[in-house]
Amino acid sequence: MASLGDILRESRRSAHLSQDAAAMQSFCDVSTIRRYENGSITPSWDTICTLSEVYGDPGLKYRAQQETEPWKTTFPRVEFVSLPVSALHVISATQEMSESAETLASILADGKISPEEKDEWETVRSAVMGQIVACTQLLEAGADGK
């Protein structure tokens with residue numbers, strides 16, 4: 001699993017930029033770029049967005065976001081794939097969500113999840129997580145035009 005620094009370095013290199021050029025284009029010091037890439041400091045979200053633009057890599061935002069604590073504790077890990085594959089994943093995940101809709105409505109009819117409904121809830125939760133992954137893959141692949 002790549003660290004945020006590794007992700008930033010890979011994105012910069014894919015843009016064929018030196019650390020000096022990246023620093024100049026992002027209006028920061030080259031030592032700051034180095035520290036981002038070696039993990040000694042963490043860039044702000046605004047900086048990640050700026051680097052995404054400088055590197056011509058819209059997907060950098062998605063990959064970097066996965067390394068943040070809220071993402072790690074809330075969302076599933078996303079492996080990025082090509083646009084055609086991600087489109088197939090969205091179609092499949094949408095079908096699974098559609099099949100779970102009636103179960104979800106039944107579970108939540110009384111406004112709570114009873115102990116007897118826990119297994120069904122986990123099935124719905126899994127479908128939701130699959131939808132999150134598929135949509136994130138599609139957004140990443142579409143942003144990068146892969």
Side-chain angles (χ1 to χ4, degrees), residues 1-105 107-108 111-113 117-146:
M1 184 180 328
S3 69
L4 178 56
D6 294 335
I7 291 166
L8 294 170
R9 182 180 310 102
E10 179 184 316
S11 181
R12 176 183 56 76
R13 287 179 176 166
S14 292
H16 306 290
L17 292 174
S18 66
Q19 288 180 332
D20 289 322
M24 186 181 344
Q25 291 182 36
S26 61
F27 303 102
C28 70
D29 192 79
V30 69
S31 66
T32 302
I33 296 292
R34 284 188 189 110
R35 291 185 292 165
Y36 291 154
E37 291 183 5
N38 73 24
S40 62
I41 61 172
T42 301
S44 68
W45 183 250
D46 287 343
T47 298
I48 289 171
C49 291
T50 297
L51 294 174
S52 173
E53 289 180 32
V54 167
Y55 300 163
D57 182 4
L60 173 61
K61 293 180 250 183
Y62 297 108
R63 294 187 307 278
Q65 187 173 15
Q66 287 192 96
E67 299 307 314
T68 63
E69 204 51 43
W71 184 283
K72 286 180 178 179
T73 57
T74 307
F75 298 108
R77 186 115 192 113
V78 178
E79 295 300 322
F80 295 106
V81 296
S82 68
L83 187 55
V85 171
S86 66
L88 291 173
H89 287 181
V90 167
I91 292 166
S92 175
T94 301
Q95 180 66 35
E96 188 175 346
M97 281 295 300
S98 179
E99 292 168 2
S100 296
E102 192 174 315
T103 302
L104 179 60
I107 292 171
L108 299 178
K112 61 184 178 187
I113 303 167
E117 296 168 325
K118 289 286 187 190
D119 287 343
E120 289 179 311
W121 171 251
E122 284 306 313
T123 300
V124 171
R125 184 180 172 283
S126 176
V128 170
M129 290 298 188
Q131 188 75 46
I132 290 168
V133 168
C135 289
T136 304
Q137 287 175 327
L138 185 67
L139 291 171
E140 157 79 357
D144 286 347
K146 296 183 213 172

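Values in this document were obtained by computation on a predicted structure and should not be read as measured data.
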Leu8 backbone acceptor or donor facing Ser11 side chain under 3.5 Å: no
For Arg63, is there an ion pair with Glu10 - N to carboxylate O distance below 4.0 angstrom? no
Non-neighbouring partners of Ser86 that pass side-chain hydrogen bond (donor to acceptor under 3.5 Å, both in side chains), sequence neighbours left out: none
Not counting sequence neighbours, which residues clear side-chain hydrogen bond (donor to acceptor under 3.5 Å, both in side chains) with Thr74? List them please. none
In chain order, what residues pass the side-chain contact (heavy atoms from CB on, under 4.5 Å) check against Ser31, with sequence neighbours excluded? Asp29, Arg35
side-chain hydrogen bond (donor to acceptor under 3.5 Å, both in side chains) against Thr73, all qualifying residues, sequence neighbours excluded: none
Can you list everything that forms a side-chain contact (heavy atoms from CB on, under 4.5 Å) with Thr42? Sequence neighbours excluded, please. Leu4
If I take atom CG from residue Leu139 and atom CZ from residue Phe80, how far apart are they, to the nearest 0.5 angstrom? 9.5 Å
Closest approach of Ala22 to Ser26 (non-hydrogen atoms, all atoms of both residues): O-OG, 2.7 Å
Heavy atoms, side chains only, cut-off 4.5 Å: are Ser14 and Asp57 in contact? no
Sequence-distant partners of Ser52, side-chain contact (heavy atoms from CB on, under 4.5 Å), two or more places apart: Leu60, Lys61
Taking side-chain contact (heavy atoms from CB on, under 4.5 Å) as the test, write out the residues that go with Val30, two or more places apart. Gln19, Asp20, Ala23, Arg34
With no hydrogens and no angle check, just 3.5 Å: does a side-chain donor-acceptor pair link Asp46 and Ser44? no
Would you call Gln137 and Val78 a side-chain contact if the rule is heavy atoms closer than 4.5 Å? yes
From CA spacing to verdict: side-chain contact (heavy atoms from CB on, under 4.5 Å), Tyr36, Leu51: CA-CA 11 Å; Tyr36 291 154; Leu51 294 174; 4.3 Å; yes
Where is the tightest heavy-atom contact between Pro43 and Ile48, given as atom of each residue plus distance? CG-CG1, 3.8 Å
For residues 95-103, dump all side-chain donor-acceptor pairs below 3.5 Å to protein atoms at least two apart in sequence or in another chain.
from, atom 1, to, atom 2, distance (Å)
Gln95, NE2, Glu99, OE2, 3.0
Ser100, OG, Glu96, O, 3.1

Interatomic distance, Gln25 atom CD to Arg12 atom CZ [nearest 0.5 angstrom]: 11.5 Å
Name every donor-acceptor pair, under 3.5 Å, that has one atom in a side chain of residues 119-133 and the other anywhere in the protein, sequence neighbours excluded.
from, atom 1, to, atom 2, distance (Å)
Thr123, OG1, Asp119, O, 3.3
Gln131, OE1, Thr94, N, 3.3
Gln131, NE2, Thr94, OG1, 3.4

Interatomic spacing from CD1 in Ile33 to CG in Asn38 - rounded to 0.5 Å: 11.5 Å
One should read off an interatomic distance between Glu140 CD and Tyr62 OH, to the nearest 0.5 angstrom, of 8.0 Å
CD on Glu67 to CD1 on Ile7, rounded to 0.5 Å: 4.0 Å
